[in-house]
Amino acid sequence: MSMPQRVSSLILATVLCTTVGLVVITAAQEEDRASLSPAQARRAATLIMARCAVCHTTDLISQQRLPADRWTVTVEKMVHWGAELSKDDTALVLRYLIIRNHPGAPDDLPTIEQELAMSEPTPNQSVAASDGPLTGLPARGAGLYAHNCQACHGEGAAGGVGPTLARNLILKNEGAFWETVLHGRGPMPAWGAVLSHQDIADIHAWLATR
Amino acid sequence: MANVSRRAWFTTLVKGIGAGIIVGRGGATREVAQQAEAAEAIGPLTVRVTRPFDAETPVREFTSRLTPNERFFVRSHFGPPPAETVQPDAWRLTVKGLVKEGLSLTLKELQQFEPVSLTAVLQCSGNGRAHHRPKVPGVQWERGAVGNAQWTGVRLRDVLARAGIKPQGLHVQFQGADRPALPTVPLFTRSIPVAKALHPDTLLAYEMNGRPLPLLHGAPLRVITPGWMAESCMKWLTEIMVRADETPGYYMQQAYRMPETSIQPGSGLPGSVMVPVEEMAVKSLIASPGEGDTLQTGPVTIRGVAWGGESSVAKVDVSCDDGKTWEQARLLGEEQPYAWRQWQYLWNSRRVGPTAILCRATDTRGDQQPPTSPWNPGGFLWSGWDRLTVTVAA
């Protein structure tokens, strides 16, 4: 990836942002902005697909070319509006965007989906079986579902812009279920970077009760 | 809510937006376009955002006076509501707030008011945002988030007269049926001052170019505030509330506001007073030839449109030498308030090689399109000279 090279010019132009609210940037993080490791970039892209794409597709993000201060305000606004990002995740996504979609970035950046497809998956993304059997906890799954899945699949798994999951046949085909959740399918983003295997097992267990 | 119908809505939406979509760097966009090519005809449109669907009209379409519904730009914050919620049986328009008598009207009841038709330009405030330097956040619209359509509906003031505005009522608030994916996202709620609401040309429109308003354009009813930018033209309208003050909340108090006086480009959110975006600025576009076209030497008809918001277009100038000299174009047809005016200029191209063609309009108030618009942090109201490059071949 050419990301580190791209960044040097950005850094010169980057206004040091004194931030407010949820996005707190320490001096150490500021230094760190110069680069992201491939694994960090991959995780940031996955977070964007899981968290930002709940409300809008990533083409809206890819077309932006913004300085650090405006990215900061934008990401902060999205977190305030309900983007499910922890403090660390917010800082990572923000760094990714500042490095990638800066005012001098070329017009023809690959899409976030294309970048993700080109990058190496991290080793722990294989299907659940490698972790041994997991026991899903439906009560925990209900909360995870509400935070992560409900925006598209609807309250009570009754469907929305995404398919109805209550009594969906995919629940009986665990391989297909795990494959879809971990790696995505069609418009559904990959959740492997966001949900642990225990989380997915819990969501599956809760869905099975619907 | 019935699962089946919600899914049907999504399917319809995907089909509806898919066919004929051109551009789109995103693989996903292209995929959607390919999948839906066989679906009902819509487009061609240039997709800016796949979901919620935002797409602009290629400017070559503006060689026609009216922009067809299926080629009209589409913009919303949350996408259309499920189709069944805006079906005539389920849909009601509520009028409430500072009124003597609240109303709840079916579409049929609403259509008992005197019908009115007018042709008006509808333009997204962010149209041309991509031209601002430094760049600003938001959908990077280029030239085509605008269109000219005939709107048929009833006067908002007739409906408000039935309800009876109380003397304290100074703003009229609109709410549509569209909802964000997350309940923590603020609703798109807007208000206009009562003077604009009571203007005889401000409509509640149920037809677009003689056909029922399509879902993507606000079915069954939308506001049309002729001469004002499109964020006042609430789609999927379900509620009108008369209030004493401007609507609170993000989409009225933070978004769609401009600095009252010009500010330093690139400066942050300004300390200067921000006022709501309202009226359009005088503007013109070149519809033909197209960007990058190769032309033969000899006569070339340059065609375009120009509009002036609440004022009229007085003249359009064209330059075929990158702004060194300007000639007046011929305005076609009759002036009609709020509609755009088509224009033509016959250029006798002699010099072989690349050149820039520019146009700029002047309205009857004497306002002229500037070379570039004043920078503002939201990237609103771009009205700089339109410009394209062509090559003249021997």
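Proteins come first, then strands; the chains are lettered A, B, ... in the order of their sequence lines, and each starts at number 1. Atom set for the values below is all heavy atoms of this structure, side chains included, hydrogens, waters and symmetry mates excluded.
- Note that CZ of B/R51 is 11.0 Å distant from CG of A/L60, once rounded to the nearest 0.5 Å.
- Between A/W81 and B/Y250, the ring planes are perpendicular. Angles over 60° get that label, and only those under 30° would be called parallel.
- Looking at A/A166, neither its backbone nor its side chain comes within 4.5 Å of chain B, counting heavy atoms on both sides.
- A donor-acceptor pair is defined here as one N or O able to donate and one able to accept, closer than 3.5 Å; such a pair exists between the side chain of A/T57 and the backbone of B/T50.
- Listed options B/P52, B/P186, B/A130 were ranked by heavy-atom pairs under 4.5 angstrom with chain A; first place goes to B/P186.
- In B/R133, the CZ atom is crowded: over 12 heavy atoms of neighbouring residues, nucleotides or ligands sit closer than 6.0 Å.
- Among the candidates A/C55, A/A151, A/G82, the residue making the largest number of heavy-atom pairs closer than 4.5 Å to chain B is A/C55.
- Without hydrogens or angle criteria, A/Q63 side chain to B/Q140 main chain gives a donor-acceptor distance under 3.5 Å.
- Rounded to the nearest 0.5 angstrom, A/H147 NE2 and B/L182 CG are separated by 11.0 Å.
- Side-chain contact between B/P137 and A/Q64 is present, with heavy atoms from C-beta onward closer than 4.5 Å.
- In A/E155, the CD atom is not crowded: 12 or fewer heavy atoms of neighbouring residues, nucleotides or ligands sit closer than 6.0 Å.
- Going from atom NE2 of A/H102 over to atom NZ of B/K135 covers 10.5 Å, rounded to the nearest 0.5 Å.
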